[in-house]
Structures are given as structure tokens and as C-alpha cells.
Number of protein chains: 2
Amino acid sequence: MKAIKMGVSTLSQQAITIAERIQRALDTLTRAERQLAQAILENYPASGLGPLSALAKDAGVSGPTVLRMVQKLGFKGYPDFQTELREELRDKVKNPISKHDTWTEGAPSGHVLNRFTDAVMENIRHSLAQIEPAAFDAACALIADPKRKIFIVGGRISHTIAEYLFLHMQVIRPDVIHVQSTSNTWPHYVLDMKEGDVVVVFDVRRYENNTLKLSELAHAKGAKIILLTDQWRSPVHALSDICFSSRIVVPSAWDSAVMPLLLVESMISAVQDILWTDTRDRMETLEAIFDQTKMFRKFT
Amino acid sequence: MKAIKMGVSTLSQQAITIAERIQRALDTLTRAERQLAQAILENYPASGLGPLSALAKDAGVSGPTVLRMVQKLGFKGYPDFQTELREELRDKVKNPISKHDTWTEGAPSGHVLNRFTDAVMENIRHSLAQIEPAAFDAACALIADPKRKIFIVGGRISHTIAEYLFLHMQVIRPDVIHVQSTSNTWPHYVLDMKEGDVVVVFDVRRYENNTLKLSELAHAKGAKIILLTDQWRSPVHALSDICFSSRIVVPSAWDSAVMPLLLVESMISAVQDILWTDTRDRMETLEAIFDQTKMFRKFT
DNA sequence: CAGCAGATGTACGATTCGTTACAGATACTT
DNA sequence: AAGTATCTGTAACGAATCGTACATCTGCTG
């Protein structure tokens, strides 16, 4: 029968977590402090529960910086900060609230963000399970081959993802061409195709006639066709040498491009690895040009 | 009868939590030590992460007892015990996702696809944890307001994602404008901005001067600014009314746009829900137009 | 009941940790 | 371009913590 002293313990906070407090104060923090804040949130709350010096080293800042930030957040000192972190952890474990069916805390599990993210995660899982690594590697090898020209083709919506691939490939290697199948000019590009060239085609639901025609002509010219499509597969797949299908269903009137984008980014990364020595030179040159145009900001 | 101990005990390093280790050792502990063990397990792991003296007082035992038990469990000292507790906590929060250690079967876990997907999943998890649902809802409400014009602005790479948002918004509601900050024509668009209009700005690493200038002018005109940026946050965030930051680090020389895209798609879905009756009409009209242009295939 | 062994707590010393003061560096202003 | 304000790290100080030695207590055994 120990004196139950709750009542006061309900004051156990304004229901605002320290993570949120950090998040909210981010604007008032300085550079080094933000760097530290990121490190804390990176693996929260574990890193904040260790010694001050360890946290400082992990974040790449110095001890006093840690202290200053902690005080800015309204704590008396580092020990005070740690105490509240532990309290928070204690409460969190105590509430057996169905955790991870919500991705963003503080939103009902039926919130768009949670429903949407659930679907996307499922899509990624399913899509990847169906992809043959050998096919992926083969596609990357084709794209990385400097002797082949690369044509990238997208449709009304998917051309945005196609352009994303194009913009990166353009930096990595020469002879990359972005073809707008929505425009009337695409036949001109087919003129330049020759046997062995590679055509990367994006075609998802509401498959477009232009895209199919372009693919047929390219196929006839002996070009290799790599197709990124959805789970129902565009008619282009009959002509394609390599085909990747992504699940794209989400709780929305439209389809998701997340999985195709993930594939594209993985490809970029893989191709860049293959061509790294060349790519590095091209990137340095590009940097120099950017410097001259003053297009980007120089600091952080 | 405390014979059995070594031999297998080397495996005690991995995959066995400290809680389990305590449970298992419960028999070999003395009365005061068991009392302490219960207190630790009572609210685990929070209580073990505080100072030794606090734990001792909480359990009703004295300092040295804590130390002796901890050493019995095989730790060098109390700090060592705490360090492993923190490691465990770190792994615990990391794991709910990466329980799949390979995503695509048949590829080594070191394959690009697996490494990349791991990183992306982590990004999604971290980013969403930092997003305030209220801010998201507020942003969607702004975009869904038919009385406000919507300007969508992207940079050299991010304009692809910006355009993705634009293409969908264009279907959902009128008065949506896509501004190319890479082009010289953007000042013309600023001319048309008026107080209450909404500017959706995409700005990730290699923050662009044009994007910042455009935002400053828009801000001066009294437009609401919704910013989608990375974890380091574009300088535009100082002007923004609502800011979403996504983790974008992947094993590649470039950054990932998956998380920003996920946010964009969620927004599209949410806005479409708000405006559904209007959207449906617009979509039907659009379908009719498409039919006449014969742009899409009629089947599947 | 006497004696002993293990268990437990108290008090002190050594060490690590958190904190403060100060100086160098950086960015911004006039 | 010089000056100023702010930020940031190094170094020393003081405080709290951990670990150890020792004394006390409890419970078991003969």
C-alpha cells in the first residue's frame, strides 16, 4: 500500500512529445543545433539517453552546443532533458495503444496519410517480390552501355517520371534523349534509332496509342525496349525485351507513381555505379558550369 | 546447483534481449536482487536508463546491489549495462520495417534493390513521424479552396514532382498554374499573384536562387506558401506558412524523391476528397474530350 | 545457541560527466 | 572593406555518479 501519487502524474505533460518540441523549435535553432536535432530525431529516443559527450560526438558537434540547444528547448540542463525523455518512454510503453498501425502519430489511423502510406508500402513489398534481380541487372547493363543511345519515353502523366530518369541519365552519360510521346514531334526521334539502341518506355493505365505506336516502330528498327508499366501491363510488353510491373493501387481516384519512381531511382544508382569513373568527371564539369551560372546557393 | 552457465553462453550476445537475460537469471539472483529485477522489468527499459541511484531507490534497494546484479548478468559495470540497453532500444524502433532483410527474393541482401528499398522505407518512416497531421490538413484545405489560385513551383530536378502535382490538380480544380523557376518567364507569373493565393514550392538540396527569389516576391504579395523540402530545409522555409520536410538520403550519388512524391500523392487524394463533387464533373468532361482525341486505347 | 557464510547497506575515493568561461571563427551590416 | 554580432569549439572547473572497501545483518548449520 504505497501512497498512490498519481493526480500529479497526469501533469506528465501537455501531451506534447519532446520530438515535437524539437521539431517545432527547429526554426529558432542555429546550424550546429539543427544538425544535432536531426541526429537526435534520427534514432529517437535512444541517442538522447546516453551521455552528453556521446551524443555530441555522434552528431558531430561539441558538448556545449548540446547543452545550449537543450536549454533553448526549455530544460534546465541535460539531466533534466534526459529525465523527461525517460518519462516519455515510460508512458509510451505503458500505453498498449495499437502502435504501428499508424505511421504519423497523432493522426487517427483512418487519416489519409496513414491509409495512403499503408497502401504504398504494400505496393512496394508486392512489386519487389515479383522483380527478378537478373532482369534488373540486365536492364542496367543495357542502359550503362555507352555504345547504345538511350531514348526515354513517357505518357501524359508518366512523362514526369520519365523526365526524372532523363535528367539524371543526362548527367551520367552522353546520348540520352527524352522523347515526348504527347507531342507530335516523336516520329522525328524514331528516325534516329538504330539497332541496339535502348528505348525506356513508361506506360501505365490509360495506355496511350502514341506510346504503343512509337514502341512498334522502335521494335521494328531493332531497338531494345525496357518497359516500366503497372500490374496489368501495357500492350507494349509484347514488344519489350525487359518488363517491370509495379503495383500502383492506392486509396485515391488516381494511381501511385511511387513504385515506378523507386525503380527508376534504383536504376540510376546502379547505372551510376557501373559508369562511376566517367560519371564523376561529368559531374565535376557540371559543377563548374553551375558555379559560373550562379544558379545554386553556395552554402547549406 | 549452479552448474550450468558457460558453453552456450557465448551466443547470449545476439538476439537475446536484456529483459530475457534478466528473466533467465532470476533463479540465480538473491532476494534484494530479484526485487530489483522486478522493478527493472516493471517499466522496461526506461528505469534502467536513469542513474544508478534512482533505480536503486525506485526498487527499494541500495546502490551496490544494483551493481552486483548487473555484474552477475555479465556486464562490466552499470554504464556498460546502460549502453547495451540503449542499443537494444535503438534496434527496436528501427525494426518494425526492416524485418524483411531482403525485399526481392533471390537477390543478395547487398543488392542495390534491397539496399535502396531499405533506405526508402526508413525515409518514409522517419519523415511521416515528423509530419503534423494538422499541418497536412491545413495545406490540403488551402489547396482545395476554389477562391485561391494555386501556383506550383519546382526546381531543376524537383520540377518533375511539381509537374506531377500540377497535372493532377489541373483535373481536380481550375486556376492551377505551373511555374518553371528554371525558366526566365517566372516573373510574369508573380505579376498575377494576389493576397490569399497559394504557392506550392518544391525545393530540395542544391537550393536554387530563383526559387528563393520567387518565394520572396510571392510572400511580399501576401501569398500563402506551402513548402516541400528535404530534411535540411530550404531557406524558403523562413517564408513558408506550412513546411513539410522529407528525408531523402539513399545509397546513391543523388537524392530520393520518393517521399516528396508520396506526400504529393496523399495531398492529391485528400484534396480530391474535399472537392469530390466538382472533381467528378470535371473528370467526366475530360473523359469526353479524351474520347474525341482518341488519345487512349479503349480497352483494358 | 554459537558460529559462519552469504547477503545487504553505508561511507568514502576515483572517475566520469555536465557546466561555465573564454577565445576563435563566421556571417551579416554599415 | 572594416566592424559588429552571433555562433561554435576548446579548456578548465565543479558536481554528481560509479565503484570499492568495510561493517552489519540475516539465516542457516552443527
Side-chain angles (χ1 to χ4, degrees), chain A residues 18 22 25-40 46-86 294 296-300, chain B residues 1-3 5 18 22 25-40 46-86 207 209 212-213 216 232-235 237-239:
Chain A
I18 294 183
I22 294 176
L26 226 52
D27 292 324
T28 71
L29 298 180
T30 66
R31 180 190 57 77
E33 285 167 351
R34 264 199 303 276
Q35 190 175 325
L36 169 66
Q38 298 291 354
I40 294 178
S47 47
L49 291 165
L52 184 150
S53 56
L55 176 58
K57 206 177 99 198
D58 183 52
V61 300
S62 253
T65 301
V66 176
L67 192 62
R68 281 188 283 259
M69 193 203 74
V70 162
Q71 285 171 342
K72 258 189 197 171
L73 290 174
F75 300 98
K76 193 159 172 288
Y78 190 70
D80 185 35
F81 167 71
Q82 285 190 315
T83 305
E84 286 213 29
L85 258 186
R86 279 197 304 275
K294 295 208 174 76
F296 297 108
R297 295 173 67 83
K298 259 322 211 182
F299 63 99
T300 52
Chain B
M1 212 201 257
K2 46 181 61 175
K5 50 172 188 176
I18 294 182
I22 294 176
L26 222 54
D27 293 325
T28 72
L29 298 179
T30 67
R31 180 193 55 77
E33 284 167 354
R34 263 201 302 278
Q35 190 175 325
L36 168 65
Q38 300 293 354
I40 293 178
S47 47
L49 292 166
L52 186 148
S53 55
L55 175 58
K57 204 177 102 197
D58 183 53
V61 301
S62 251
T65 301
V66 176
L67 193 62
R68 280 189 283 262
M69 193 203 75
V70 161
Q71 286 169 343
K72 257 190 196 169
L73 291 173
F75 300 99
K76 193 162 174 287
Y78 190 70
D80 185 36
F81 167 71
Q82 285 190 318
T83 305
E84 286 213 27
L85 260 186
R86 278 197 304 274
Y207 310 118
N209 285 322
L212 180 58
K213 281 184 197 147
E216 280 166 353
W232 302 283
R233 303 204 301 182
S234 142
H237 92 268
L239 311 165

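Here is the naming used below: chain letters follow the sequence lines, and residue numbers restart at 1 for every chain.
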Could you tell me the separation between the CG atom of B:Leu67 and the P atom of D:dC22, rounded to a whole number of Å? 17 Å
Please report, rounded to the nearest Å, how far the P atom of C:dC17 is from the CZ atom of A:Phe81. 17 Å
Whole-Å distance, B:Gln35 CD to C:dT8 C1', equals 11 Å
If every non-hydrogen atom of A:Val61 is compared with every non-hydrogen atom of A:Ala32, which pair is closest and at what distance? CG1-O, 3.6 Å
Between P of C:dG6 and CE of B:Met69, the distance in whole Å: 21 Å
Find the distance B:Arg34:CZ to C:dA7:C1' and express it as a whole number of Å. 12 Å
Selection from D:dT20, D:dG9, D:dT17 that lies nearest to any side-chain heavy atom of B:Gln71: D:dT20
When you get a sec, tell me which of D:dC18, D:dT10, C:dT10 is the closest nucleotide to the side chain of A:Ser62? D:dT10
Distance in angstrom units between B:Gln82 CD and C:dC17 C1', rounded: 12 Å
Nearest heavy-atom neighbours spanning B:Arg34 and B:Leu29: NH1-O, 2.9 Å
Taking atom C1' of D:dG19 as reference, at what distance in whole Å does atom CZ of B:Phe75 sit? 17 Å
Closest to the B:Leu52 side chain, choosing from C:dT10, C:dT19, D:dC18: D:dC18
Show which side-chain atoms of residues 68-82 of chain A pair as donor or acceptor with protein atoms under 3.5 Å away, not counting sequence neighbours.
unit_1  : atom_1 : unit_2  : atom_2 : d
A:Lys72 : NZ     : A:Thr28 : O      : 3.4
A:Lys72 : NZ     : A:Glu33 : OE1    : 2.9
A:Tyr78 : OH     : A:Gly48 : O      : 3.3
A:Tyr78 : OH     : A:Gly50 : O      : 2.8
A:Asp80 : OD2    : A:Lys76 : N      : 3.0
A:Gln82 : NE2    : A:Gly48 : O      : 3.4
A:Gln82 : NE2    : A:Leu49 : O      : 3.1
A:Gln82 : NE2    : A:Gly50 : O      : 2.6

Just checking B:Gly63: base, sugar-phosphate only, or nothing, at a heavy-atom cut-off of under 4.0 Å? nothing
Of the listed nucleotides D:dC18, C:dG18, D:dT8, the one nearest the side chain of A:Arg31: D:dT8
Nearest to the side chain of B:Tyr78 - C:dT10, D:dG19, C:dT8? D:dG19
For the side chain of A:Pro51, counting heavy atoms from C-beta on, which of C:dC17, D:dC18, D:dT10 is nearest? C:dC17
When you measure from the side chain of B:Val61, which nucleotide among D:dG9, C:dC17, C:dG9 comes out closest? C:dG9
Closest non-hydrogen atoms of A:Gly63 and A:Ala56, given as atom of the first, atom of the second and distance, are N-CB, 3.9 Å
Matching residue for B:Leu36 among B:Ile22, B:Asp58, B:Leu55 - test: side chain to side chain contact (heavy atoms under 4.5 Å, CB included): B:Leu55
What's the closest nucleotide to the B:Thr30 side chain, out of C:dT20, C:dT8, C:dG9? C:dT8
Value in whole Å for how far the P atom of D:dC18 lies from NZ of B:Lys76: 15 Å
Short side-chain N/O contact to D:dC7 OP1/OP2 from A:Thr65, under 4.0 Å: no
Quick note, A:Pro79 side chain, CB onward, closest among D:dT10, C:dT19, C:dT8 is C:dT19
